[in-house]
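Have a look at the structure below, then the notes.
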There are 2 protein chains.
Amino acid sequence: MEGNLLVIALGGNAIKQAEQQGTTEEQFRNVDLTTRQIARIAREGYRLVVTHGNGPQAGALLIQQEEGEPEVPAQSLAACGAMTQGQIGWMIQNRLAYWLRQEGIHTPVCTVVTQVVVSAEDPDFQDPSKPVGPFYTREEARRLQQEKRYVVKEVKPSAPRGWRRVVPSPEPQDIVEKDSINALLGSGAIVIASGGGGIPVQRNGDGSYSGVEAVIDKDRAGFVLAQAVSAQAFLILTDVEKVYLRYGRPDAAPLDRLSVAQAREYLAQGHFLAGSMGPKIEAALRFAWWSRHEAVITSLDKALEAILGRTGTRICP
Amino acid sequence: MEGNLLVIALGGNAIKQAEQQGTTEEQFRNVDLTTRQIARIAREGYRLVVTHGNGPQAGALLIQQEEGEPEVPAQSLAACGAMTQGQIGWMIQNRLAYWLRQEGIHTPVCTVVTQVVVSAEDPDFQDPSKPVGPFYTREEARRLQQEKRYVVKEVKPSAPRGWRRVVPSPEPQDIVEKDSINALLGSGAIVIASGGGGIPVQRNGDGSYSGVEAVIDKDRAGFVLAQAVSAQAFLILTDVEKVYLRYGRPDAAPLDRLSVAQAREYLAQGHFLAGSMGPKIEAALRFAWWSRHEAVITSLDKALEAILGRTGTRICP
């Protein structure tokens, strides 16, 4: 199959909407809409790598891990990440294969369980900031701090359950399974990889990798994945059609096109929220800078139009 | 890489021992021993596909799904199967890559999330027999029968928690991701696939596949996987070094070598337990009959010796 290689990073709303409970059926309905869009992009001749977030799924799984104790032991955060890769990867590969065939495309779709390397020296290990799992009361938080050595932080509004576990969100450095992902792409397959930002692992002195209790930002990991497969385009899907300056304010202004230098400047000026648009802009500009190709940020339902150059925000080399 | 293509089916004890709790750390320790054996087999020049059970992991996950309700919805049985593929696949690929490198072998290792097709007409859907998940009291079982339409059966010894959910265990027919698995093998990778017998799916009229609430026997699915990759050998690892006639009785006799016809006869005579050695013998004889190559049944710690012809029970074409 010919065509450019595109990495698509799916936001959380592509799999579970905020107002939904998150049953398997609900998630399949969302994934059905999502993969229909992706199949339309494939029809335009793109070879595809799909990556995705796992926030709501990991959140639910962490609650289940806690509620299941002491009857069965909670699995590590890294293991839970691996589990959500299986869960979400399955749903995407299942429905994407269907919609591809509806478009007359008979390429295989395959989810690769993916480990992403982080550095044990990453500064985020000293000051974890990423909230994961359920909300706790102050007493529960204190107990977990002692019993499980969780780092907990108060989140606002605080009462009554205003505490959460926070974990490091280190920078992704490399994709352990990149050779396999490239082999699959070379065979013509569409690959789903690095779900939830990847299973975070650190390299040990003996050359082995071990799982770490951390969460990698999925857009940043998406950039490292795009590097690993030498992608020619990077599409980040979220819940807004365009990136805004002064988002949410009366003088908010949508952006059609940004140079890497402009994106860096706006980022430094604090235009983009840290846990939200910030990492997307960061991942997009890194990609544009590194690849000399465009990165595009838009909403799921505008994905095809944005790829065709009709909407979205483009970060250009 | 040259050499014969071998499918290895790992038994439950390869990942979690019966007396263990099943923490991530414990499971990694078991997987470490298991993958060390597999790396030794790779050193002999075999190309490898690894499949594995998920009984204890799925059992724990189903308990967690129940305990997490009503806070978060329980995922479907098929989704839980997908999750355990991510979980166990990760552990195996992580440690197998390490041990391969210790043996000087630098092939990639990759877990493929795998769907296995079953027929909606399979007789097991009429009379489900495979117990899954936790044990219930009679009252809990009745409630779940009504609320969730579970089929429940009494298991002996019964009191006080002597009821379990039973689900169909249909015959596996095909591996949806076989093209991707073969592409990876063609690239020289070692592939982990069809974990837990695969995510059971049925084919719908529109060509799509949907998950079914069932559990596929992992050895039977291992045979279908061996067919899909045209394996030249099939190694089933369990907790005994050899298969026995009259197992557990004073006149028990170990078997070194069985023809397909003998295996069929002993199976029909009821020599092998239905939920235990039965499906292994069945999968092994199907493989020997179909491939004209040998299938070997032995214990994990004798895997290499058995492959070299020094122990184990061989089912021969």
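Just so it is clear: chains get the letters A, B, ... in the order the sequence lines come, proteins before strands, and each one is counted from 1.
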Minimum heavy-atom separation for A/Ala78 to B/Trp90, with atom names?
-> CB-CH2, 3.7 Å
Among B/Gln85, B/Glu71, B/Glu25, the residue with the most heavy-atom pairs under 4.5 Å to chain A is B/Glu71
Minimum-distance pair of heavy atoms, taken over all atoms of B/Ala183 and A/Leu184 = CB-CD2, 4.4 Å
Will you find, in the side chains of B/Gln64 and A/Gln75, an N or O donor that is under 3.5 Å from an N or O acceptor?
-> no
Side chain, backbone, both or neither: which part of A/Gln65 has a non-hydrogen atom closer than 4.5 Å to chain B?
-> both
Between B/Pro134, B/Ala82, B/Gly68, the one whose heavy-atom pairs under 4.5 Å with chain A are most numerous | B/Ala82
Grab the two heavy atoms, one from B/Thr24 and one from A/Ala79, that are nearest each other, plus how far apart they are.
-> OG1-CB, 4.0 Å
Cut-off 4.5 Å, heavy atoms of chain B, and the answer for A/Thr23 is both
Is it the side chain or the backbone of A/Gln102 that comes within 4.5 Å of chain B heavy atoms, both, or neither?
-> side chain
Would you mind telling me which of A/Gly186, A/Ala74, A/Gly81, A/Ala60 has the largest number of heavy-atom pairs within less than 4.5 Å of chain B?
-> A/Ala60
Among B/Gly86, B/Gly211, B/Gly195, the residue with the most heavy-atom pairs under 4.5 Å to chain A is B/Gly86
Closest heavy-atom contact between A/Cys110 and B/Ser180?
-> CB-OG, 3.3 Å
Counting only heavy atoms closer than 4.5 Å, note whether A/Gln21 contacts chain B via side chain, backbone, both or neither.
-> both
Trace of the side chain to side chain contact (heavy atoms under 4.5 Å, CB included) decision for B/Ser208 with A/Arg95 = CA-CA 8 Å; B/Ser208 67; A/Arg95 295 310 299 168; 3.5 Å; yes
Quick check: does any side chain N or O of A/Asn94 sit under 3.5 Å from a backbone N or O of B/Ser210, one acting as donor and the other as acceptor?
-> no
What part of A/Ala189 lies closer than 4.5 angstrom to a heavy atom of chain B: side chain, backbone, both or neither?
-> side chain
Any chance you could lay out the side chain to side chain contact (heavy atoms under 4.5 Å, CB included) test for A/Val72 and B/Glu67, step after step, and finish with the verdict?
-> CA-CA 10 Å; A/Val72 291; B/Glu67 297 295 330; over 6 Å; no
Heavy-atom side-chain contact between B/Pro108 and A/Lys178 under 4.5 Å = no
Look up atom CD in A/Gln87 and atom OG in B/Ser76, then write down how far apart they are to the nearest 0.5 Å.
-> 8.5 Å
Is there side-chain contact between B/Thr107 and A/Asp179, with at least one heavy-atom pair below 4.5 Å?
-> no
Which answer fits B/Asn182, side chain, backbone, both or neither, if we ask what part of it has an atom under 4.5 Å from a heavy atom of chain A?
-> neither
Under 4.5 Å heavy-atom distance to chain B, tell me which part of A/Gln27 shows up: side chain, backbone, both or neither.
-> side chain
The interface call for A/Val109 against chain B, heavy-atom contacts under 4.5 Å, is backbone
With only heavy atoms counted, which part of B/Leu61 is less than 4.5 Å from chain A, the side chain, the backbone, both or neither?
-> side chain
With no hydrogens and no angle check, is any side-chain donor or acceptor of A/Thr111 less than 3.5 Å from a backbone partner on B/Val113?
-> no
Select, from A/Ser187, A/Gly89, A/Gly22, the one with the greatest count of heavy-atom pairs under 4.5 Å involving chain B.
-> A/Gly22
Proximal component of A/Ala97, with respect to chain B [non-hydrogen, under 4.5 Å] | neither
To the nearest 0.5 Å, tell me how far B/Gln93 CD sits from A/Thr114 OG1.
-> 7.5 Å
Heavy-atom distances under 4.5 Å only: say whether A/Ile88 touches chain B with side chain, backbone, both or neither.
-> neither
